[in-house]
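This report concerns only the one structure given below.
Quick note on labels: first sequence line is chain A, next is B, and so on, each numbered from 1. All heavy atoms count here, side chains included; hydrogens, waters and symmetry mates do not.
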Number of protein chains: 2
Amino acid sequence: MDQTEPAKAARKRRKMQRVTMTDVAKHADVSPSTVSLYLRKPEAVSERIGQRVEHAIAELGYVPNYVAGGLAAAGSRVVSVIVPSLRNAFFSDTVTELEKLLAESRLQTLVGHTEYSATQEEALVRAALSWAPAAVVLTGTAHTQATRDLLRRNGTPVVEMWELTDDPIDQAVGFSHEDVGRRIARHFIGKGYESAAFLGARMGDDKRAADRARGFEAEMRAYGVPVQVVEDHAPASTGSAARLLDNLDSPVRAVACSNDTVALGVLFEAQRRGIAVPGELAIAGFGDLEFSAQSVPPLTTVRPSASEIAARVADCIRARDPLTATSGAGEGPRVFDTGFTFVPRESG
Amino acid sequence: MDQTEPAKAARKRRKMQRVTMTDVAKHADVSPSTVSLYLRKPEAVSERIGQRVEHAIAELGYVPNYVAGGLAAAGSRVVSVIVPSLRNAFFSDTVTELEKLLAESRLQTLVGHTEYSATQEEALVRAALSWAPAAVVLTGTAHTQATRDLLRRNGTPVVEMWELTDDPIDQAVGFSHEDVGRRIARHFIGKGYESAAFLGARMGDDKRAADRARGFEAEMRAYGVPVQVVEDHAPASTGSAARLLDNLDSPVRAVACSNDTVALGVLFEAQRRGIAVPGELAIAGFGDLEFSAQSVPPLTTVRPSASEIAARVADCIRARDPLTATSGAGEGPRVFDTGFTFVPRESG
DNA sequence: TTGTAGGCGTTATCAA
DNA sequence: TTGATAACGCCTACAA
């Protein structure tokens, strides 16, 4: 009783307050369908009536009900974006950018984060699909089989980002993380460093970091440079650096880090231990986060072009969106390689 | 023609593929309402039937349609969270935390970011309300009048966070930023620094940063310490530090920064210019971001307890949620002060 | 505990 | 260009 009463009241209150399209129609002395049409295609309605509707909307403070709209249209204008973590600047940047781009196509962004768990991702995808989204954007290409099945069966447009794959669920936009690792290795090799290590964080979950480590290790080995890979279970942070360095089997001349945050930590730790950078220890990061160009010395890193990824993802979505697609809205490109930029700076 | 054909096809395809509750009901040989009931209150259905339904759902790969559900129930289980920026660690942390907490109450989070524009916020609120959200969470207390009206009229539960106010739209959770500024000032005063400055970023838009600056300045003046306030239009970043320092009328003994990111930039810049920290220049930040404890020297800062804010906000929402509320679901506390912690470290 | 009926606010189809 | 009408898939009284 205590529970149902307020609930009922709340519902009734909300319903009573809501101004519906019918109210607007009455006020403007037109039919509801005309109002609906005006809202969706203003140019299909005569100017006179359009203004009357406009006026009524303002007068009544009408707020459209997308829920009802989505039901009737069998699909909402929501795009569900699922990332490993919002705390990670790469992803929050991508999301920010994506949201802006999609808004231009009147698409709304629903963000979810998996904390690097494929199971959690599956749950989020399930929830996302319940909203009949215009598209689903996933990070990476490692998903549970159920996730893939769910998405494929459903037929919703899907974009996997930040990574490449031979077998996308639908479309993919990203670059090769192994190549990133190799590129850094080649830089170190060119500098003539005689030993190196990759300092990784959470690589069991973060497949992309693991890929970078693999590429780095392989290339180093190929050139006969002794190389170690050290790993930390905690998420990448400046604080992990000290631990990571302590876990090295033997001191090394150069380190490639999971990302710039870890690299910054290594820089601090070197400062603390009195190790000269890059004189005694060369450091490279990944991500080109804002501080990387500012630190002393500035960090050598790799710029993944989050904004280009976002732009391409938005393209992919729009290509599948009936309301936005310009041409035949056909099957756009399946996989897009955005590449990356190596940014050499003083730290390594 | 080129446009409508694919659109129509897509819609049909989607509809045809969709497994509805009726399908599940048929498969389980029960009525649709039983399925619905089971989904919402599993314990209200007999075990035998529950299992049959469960089985049918798995068999058919049924995905509930929240759009239809939301329409019928006159309200969705979406919480719209609107923050100034996701790039800012405070907010991405709060959002992350909030999302986790709300998920426990089967509430989904819809994130929007305003880029510090009240007009953009108004647009987002309008869009949010179109989804008949369970609640709307706003950052700060500075909104357009239209935003306030819209929200008040609509009757949706609202929580304003990260700031306190005498006149909340509905509920508010946060702390006094003026007090933060004063607290830092008192610390500097205690140390006996004879001059100081506040290095602010984007204070025209970021009212909270402006509040901290005001508190800092007032307290300094009250104690007769010469104080400057310098401002930068660009968003807070490590890169803004150099500019900010250059805009000082005269060198100062201590600086309070807009946040830790700027403080880190000042630290780097000092290092670059050969200024001893804290010997010649004391630095304080705001936010207690992860790197602040790791830098050399570690940064004096203020910890705002993003997670407590998130927890309180979640409480406020649940208190207004019929499905979650335990007691009379009445009007909970209106304004909650979460306070903050001053964290003295070596930099200042 | 389970089933029946009516409606939620909008869109899309068609006819006027 | 405008309007009537039938879904859209589910929820919620209420009845059984």
Pairs where residues 32-71 of chain A contributes a residue and the test ring-ring contact (aromatic ring centres under 6.0 Å, His included) is met, not counting sequence neighbours:
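As it turns out, the ring-ring contact (aromatic ring centres under 6.0 Å, His included) pairs with a partner in residues 32-71 of chain A, which skip direct neighbours, are Y66(A)-W131(B).
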
Residues in side-chain hydrogen bond (donor to acceptor under 3.5 Å, both in side chains) with R87(B), at least two apart?
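Listed in chain order: D93(A).
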
Partner set under side-chain hydrogen bond (donor to acceptor under 3.5 Å, both in side chains) for T119(B), not counting sequence neighbours
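Testing T119(B) for side-chain hydrogen bond (donor to acceptor under 3.5 Å, both in side chains), a comparison that skips the adjacent residues, returns none.
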
Gap between atoms [atom1] and [atom2], on [X] and [N] respectively (whole Å):
X      : N       : atom1 : atom2 : answer
R77(A) : dT10(C) : CZ    : C1'   : 15 Å
L71(B) : dT12(D) : CG    : P     : 12 Å
N65(B) : dG9(D)  : CG    : C1'   : 6 Å

Check this for me: does any side-chain nitrogen of one of R152(B) and D170(B) sit under 4.0 Å from a carboxylate oxygen of the other?
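No salt bridge links R152(B) with D170(B).
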
Does a donor on one side chain sit under 3.5 Å from an acceptor on the other, for T34(B) and S31(B)?
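Side chains of T34(B) and S31(B): pair found under 3.5 Å.
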
Strictly by salt bridge (charged side-chain N to carboxylate O under 4.0 Å, His left out), give each pair with a member in residues 130-150 of chain A just once, sequence neighbours left out.
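For residues 130-150 of chain A, and leaving out neighbouring residues, the salt bridge (charged side-chain N to carboxylate O under 4.0 Å, His left out) pairs sorted by first residue read R148(A)-D167(A).
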
Give every residue pair that meets the salt bridge (charged side-chain N to carboxylate O under 4.0 Å, His left out) criterion with at least one member in residues 44-58 of chain A, sequence neighbours excluded.
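As it turns out, there is no salt bridge (charged side-chain N to carboxylate O under 4.0 Å, His left out) pair with a partner in residues 44-58 of chain A once direct neighbours are skipped.
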
Return a table of donor-acceptor pairs under 3.5 angstrom between the side chains of residues 136-144 of chain B and protein atoms on other chains or two or more places apart.
residue, atom, partner, partner atom, Å
T139(B), OG1, I82(B), O, 2.8
T141(B), OG1, E163(B), OE2, 3.2
T141(B), OG1, K207(B), NZ, 3.3
H143(B), ND1, E121(B), OE1, 2.8
H143(B), ND1, E121(B), OE2, 3.3
H143(B), NE2, G140(B), O, 3.1
H143(B), NE2, E160(B), OE2, 2.8
T144(B), OG1, E122(B), OE1, 2.9
T144(B), OG1, T147(B), N, 3.0
T144(B), OG1, T147(B), OG1, 2.6

Test side-chain contact (heavy atoms from CB on, under 4.5 Å) applied to [X] - qualifying residues, sequence neighbours left out:
X       : value
A310(B) : T94(B), E97(B), L98(B), L101(B)
T20(A)  : R18(A), T22(A), D23(A)
A44(A)  : L37(A), K41(A)

At 10 degrees resolution, what angle do the end axes of the helix from dT1(C)-dA16(D) to dA16(C)-dT1(D) form when each is taken over five base pairs?
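That helix has its two terminal axes inclined by roughly 20°.
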
Looking at Y66(A), I'd like to know whether one of its side-chain N or O atoms comes within less than 4.0 Å of OP1 or OP2 on dT11(C).
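For dT11(C), OP1/OP2 do not have a side-chain N/O of Y66(A) under 4.0 Å.
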
Regarding M21(A), tell me which of base, sugar-phosphate or nothing describes its non-hydrogen contacts under 4.0 Å with the strands shown.
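Counting heavy atoms under 4.0 Å across all strands, the contact made by M21(A) includes a base.
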
Name every residue in residues 30-57 of chain A that has at least one heavy atom under 4.0 Å from any atom of DNA chain D, in order of residue number, or write none if there are no such residues.
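V30(A), S31(A), S33(A), T34(A), L37(A), V45(A), S46(A), I49(A), in order of number.
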
Between the protein and nucleotides 14-16 of chain D, which nitrogen or oxygen pairs come in under 3.5 angstrom?
none

